[in-house]
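Atoms within a ligand are numbered from 1 in the order they appear, just like the ligands themselves. Every heavy atom of this structure was used, including side-chain atoms; hydrogens, water molecules and symmetry mates were not.
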Amino acid sequence: MRVATIVGARPQFIKAAPLSAALEEAGHEELLIHTGQHYDASMSEVFFRELPIREPDVNLEVGSGLPGNQVAEVLSRTEAVLLAEQSDVVVVYGDTNSTLGGALAARKAGRPLAHVEAGLRSWNRGMPEEENRVLTDHASDLLLCPTPTAVENLEREGLSERALHVGDTMHDAVRQFLPTARSQSPILGDLGLEPGGYFLATIHRNYNTDDPVVLGRLVQALASLDLPVVFPVHPRTRKNLAIQADSADGAARIRAIEPTSYLDTLVLQAEARAVLTDSGGMQKEALFVGTPCITLRPETEWVETVESGWNVLAGSDPERILAAVQGLEKPTRKPDVFGDGYAARKIVAALVLLADDEGSA
Ligand code: UD1
């Protein structure tokens with residue numbers, strides 16, 4: 001089987017790494033298409049160095065732009081590659097503009113399409129990621145779900161026949177790479193941090209970064225915490241941050257740094273007092289490594305992290321964020337809904353069936 005993988009944004013390199021390794025292990029071929037949505041070395045290159053994901057066979061260099069334009073560029077450039085290159089199935093990941101553009105390209109090129117991390121819903125259609133998820137799920141032939149909740153969400157939309165619960169490849173990645181991260185990452189020493197002696201924060205959602213009032217309140221809340229806050233700054237956030245960070249009371253406690261590598265991020269999460277984030281992936285990673293999370297969003301797709309007590313939704317209101325920090329608790333049990341850490345193997349088996357079905361159709 002030859003699988004065309006489409007990735008383009010930071011979380012997709014991490015989600016794709018376990019599947020890339022499992023495909024190779026099982027003797028399948030992979031054509032790796034990087035859309036170029038993320039292009040800074042710290043947002044892209046570093047993950048290909050650290051993780052067992054193959055180097056991109058093609059980089060479409062789509063770069064930044066208006067969302068519709070970004071999707072259109074991914075669509076037209078990916079379609080050309082898919083038409084020129086043989087592949088049995090196409091795989092897209094998550095909910096970015098690269099996901100949707102890649103999914104549309106697979107459809108237009110007439111290739112069977114599988115969506116990894118299908119069925120997630122925030123029920124907030126104002127989020128670009130929610131639009132991308134819904135449209136990609138409805139375009140896909142095979143919906144590979146990380147949790148039973150995701151399968152239920154797809155049932156409600158009449159998509160259950162295409163849905164399969166395989167578990168979460170981000171769980172696979174933590175299982176595979178946390179021991180390496182602990183033994184190899186120098187990040188705590190480099191930043192002079194003690195385990196449990198700092199918070200880790202990330203902010204990149206457009207509704208948190210693009211309104212200066214909202215971003216200012218978030219920075220103010222971080223600055224008022226009683227431990228240093230390590231803050232790897234996403235490029236979207238960097239563009240809008242300077243004024244906010246300089247003017248916040250207590251800003252000295254915020255350690256704004258470049259985006260960190262995957263291994264450094266795992267260690268920073270594992271040893272933090274808590275993670276404060278609007279990232280989807282980090283809400284789960286915090287749970288996987290056993291650190292409580294405070295989510296800087298009003299809602300989440302990963303409801304199991306909240307129901308199990310590992311995650312608290314605080315939005316962008318400083319009072320709610322401070323109350324969540326003061327009430328931090330670490331549950332004793334982790335929910336087992338994210339699979340057993342071997343989702344990638346199940347995905348390979350499902351892709352083989354999809355390729356066979358299409359081949360005999
Ligand atoms: C994207 C995804 C989001 C995902 C996030 C992870 C969409 C709609 N959103 O958001 O789901 O959680 O990635 O990071 O696809 N930029 C740089 N350098 C880079 C990458 C981006 O400067 O390497 C700048 C771009 O110029 C742009 C801004 O960051 O102005 C936002 O980038 P974009 O790719 O549109 O979305 P993200 O915010 O990264």
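Applying the salt bridge (charged side-chain N to carboxylate O under 4.0 Å, His left out) criterion to Glu50, with sequence neighbours excluded, gives no partner residue.
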Can you list every pair where an N/O of ligand 1 is under 3.5 Å from an N/O on the protein?
from	atom 1	to	atom 2	distance (Å)
ligand 1	11 (O)	Asp95	OD1	3.2
ligand 1	11 (O)	Glu129	OE2	3.1
ligand 1	12 (O)	His204	NE2	3.0
ligand 1	13 (O)	His38	NE2	3.4
ligand 1	14 (O)	His234	NE2	3.0
ligand 1	15 (O)	Gln37	NE2	2.9
ligand 1	15 (O)	Asn97	N	2.8
ligand 1	18 (N)	Asp40	OD1	3.3
ligand 1	18 (N)	Asp40	OD2	3.2
ligand 1	22 (O)	Tyr39	OH	3.3
ligand 1	23 (O)	Tyr39	N	3.0
ligand 1	23 (O)	Asp40	N	2.8
ligand 1	26 (O)	Tyr39	OH	3.0
ligand 1	26 (O)	Ser64	OG	2.5
ligand 1	26 (O)	Lys239	NZ	3.0
ligand 1	30 (O)	Lys239	NZ	2.5
ligand 1	34 (O)	Gln37	NE2	2.9
ligand 1	38 (O)	Arg236	NE	2.6
ligand 1	38 (O)	Arg236	NH2	3.3
ligand 1	39 (O)	His38	NE2	2.6
ligand 1	39 (O)	His234	NE2	2.9

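Between Asp336 and Lys334, every side-chain heavy-atom pair lies at or beyond the 4.5 Å cut-off.
When the shell of 6.0 Å around CD of Gln86 is examined, it contains more than 12 heavy atoms from other residues, nucleotides or ligands. By the 6.0 Å contact criterion, CD on Glu24 is open, its count of non-hydrogen atoms from other residues, nucleotides or ligands being 12 or less.
The cationic atom of Arg10 (NZ for Lys, CZ for Arg) does not lie both less than 6.0 Å from the six-membered ring centre of Tyr262 and within 45° of the ring axis.
Between Lys108 and Leu75, the shortest heavy-atom distance links the atoms CG-CD1, 4.4 Å.
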